[in-house]
Amino acid sequence: MTLTQVAPHIYQNTLPLPFALDHIHCYLLDDGDGWTIIDAGLNTNHGRVGWQEAFDTLHIAPADLKRIIVTHTHPDHYGLAGWLQRWGQADRPDDEAPPVLMSTREIELADSIWGNLDDQIRQMSRHLFYCGLDEELADDVANNTRFVGTRTRPLPHTVAPLLPGDNIEMAQRTFEILSYAGHSDGQLMFYSSADKLLLSADHVLMHITPNISRWPGGWDNPLGRYLASLDVLESLDVALALPGHKWPIEDWHGRVQELKAHHAERLGITNTAVSQGDRTVAEIAKTVFRLEHLTIHEARFALTETLAHLDYLVAQGELQVSGDEVWQYT
């Protein structure tokens, strides 16, 4: 755990993750009359210890915890939400537990994915079969989801929506609630125009590009939605963006431009792979990502991100897709 004050009344609590991306930044916001948490981390021993150390350092008692905001339902952001809710419920009646707050779409996704993990794994296996994996490998890659799924327990018992366009008072500021699809359908961000401060979650990151994937049950054309959102967000006056991973963003407009350029390059590589004879998502991912060198966990993201780029090219009329079982691109 690393606890750092990153802005007045805002503390970044960096927790470890058991992946190649080995950390997540969660945030503790001093509201004056209590504390707001933004994002929870994955439910591991290290994660729980990291939160307890942060509470001890900042002298936060369970009664001080007002709410837990989850920007999106990916397990590294959602996993400890239920545990934190129960920690904050100590010595309170059940109906006074600190609520977990998410967008309406992310509440739906959390229920369908983590609330019904076996069904989600079956859907993922079929999804990967359509991408061109054989059934045995598709099952193996899909079942890797179970590892992170078990680390979202216990699930939150009191969940309420936050609505984009509304304002919310946090860290003794007024933030506008934003939500844009791409990395996840209903990911939340929070913008304080007075401070030129943005809590950007995983929508815009430094050094790494947010994973933009087409998941089973997710909205169509996620990359198209993401690129459209960057056109809007580029106009924000941001002096400092606080993300979910890596480093704070001080050149907001420059970083947005870099992300646009990255996806333009990736789309070109994807189009070239198809023109040279790759047909299935798996074949194209081998060209784009060197799929055979990735772990099972990484391969799932590489396949679904390749699919998102192919979906975009189909939507743009540059490619065609056919096939009742395994998708074929020309």
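Numbers here simply count residues along the sequence, with the first being 1. Quick caveat, the model's predicted, so the values are computed rather than measured.
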Same hydrophobic cluster for [X] and [Y], using side-chain heavy-atom links shorter than 4.5 Å among ILVMFWY?
| X | Y | result |
| --- | --- | --- |
| L240 | L259 | no |
| W219 | M189 | no |
| M206 | V256 | yes |

Pairing donors with acceptors under 3.5 angstrom, does anything connect the side chains of [X] and [Y]?
| X | Y | result |
| --- | --- | --- |
| E169 | T174 | yes |
| Y27 | Q12 | yes |
| E298 | T295 | yes |
| H157 | Q89 | yes |
| N43 | R153 | no |
| E176 | N167 | no |
| Q123 | W215 | no |

Considering residues, nucleotides and ligands other than [X], do more than 12 of their heavy atoms fall under 6.0 Å from its [atom1]?
| X | atom1 | result |
| --- | --- | --- |
| Q320 | CD | no |
| K246 | NZ | yes |
| Q257 | CD | yes |
| H46 | NE2 | no |

Answer yes or no: is there a side-chain heavy-atom contact under 4.5 Å between [X] and [Y]?
| X | Y | value |
| --- | --- | --- |
| V6 | Y11 | no |
| L307 | H127 | yes |
| I38 | L188 | no |

Discussion item. Tell me which one of H262, H309, H263, H183 satisfies ring-ring contact (aromatic ring centres under 6.0 Å, His included) with Y226.
Written reply: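 Result for ring-ring contact (aromatic ring centres under 6.0 Å, His included) with Y226: H263.
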Item to complete: Among H25, H207, H77, find the one that has a ring-ring contact (aromatic ring centres under 6.0 Å, His included) with H245.
Response: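 Only one of H25, H207, H77 forms a ring-ring contact (aromatic ring centres under 6.0 Å, His included) with H245, namely H77.
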Discussion item. Between W35 and F55, is the ring-ring contact (aromatic ring centres under 6.0 Å, His included) condition met? List the steps.
Written reply: CA-CA 10 Å; W35 290 80; F55 295 147; 9.0 Å; no
Worksheet item: Could you go step by step and tell me if Q187 and S179 meet the side chain to side chain contact (heavy atoms under 4.5 Å, CB included) rule?
Response: CA-CA 5 Å; Q187 181 171 223; S179 182; 5.6 Å; no
Discussion item. For R173, run the salt bridge (charged side-chain N to carboxylate O under 4.0 Å, His left out) check against D30, D31, D195 and tell me which one passes.
Written reply: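 It is D195, the one option of D30, D31, D195 that forms the salt bridge (charged side-chain N to carboxylate O under 4.0 Å, His left out) with R173.
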Item to complete: Test side chain to side chain contact (heavy atoms under 4.5 Å, CB included) on D220 and R214 and set out the steps.
Response: CA-CA 7 Å; D220 65 351; R214 175 70 185 273; 4.2 Å; yes
Side-chain donor-acceptor pairs of residues 138-150 under 3.5 Å, sequence neighbours excluded:
residue : atom : partner : partner atom : Å
D139    : OD1  : S125    : OG           : 2.4
N143    : ND2  : D139    : O            : 2.9
N144    : OD1  : H297    : ND1          : 3.4
N144    : OD1  : R300    : NH1          : 3.0
T145    : OG1  : A142    : O            : 2.9
R146    : NH1  : D118    : OD1          : 2.9
R146    : NH2  : D118    : OD1          : 3.3
T150    : OG1  : R146    : O            : 3.4
T150    : OG1  : F147    : O            : 2.9

List the atom pairs, donor and acceptor, that lie under 3.5 Å between side-chain atoms in residues 323-330 and the rest of the protein, sequence neighbours left out.
none

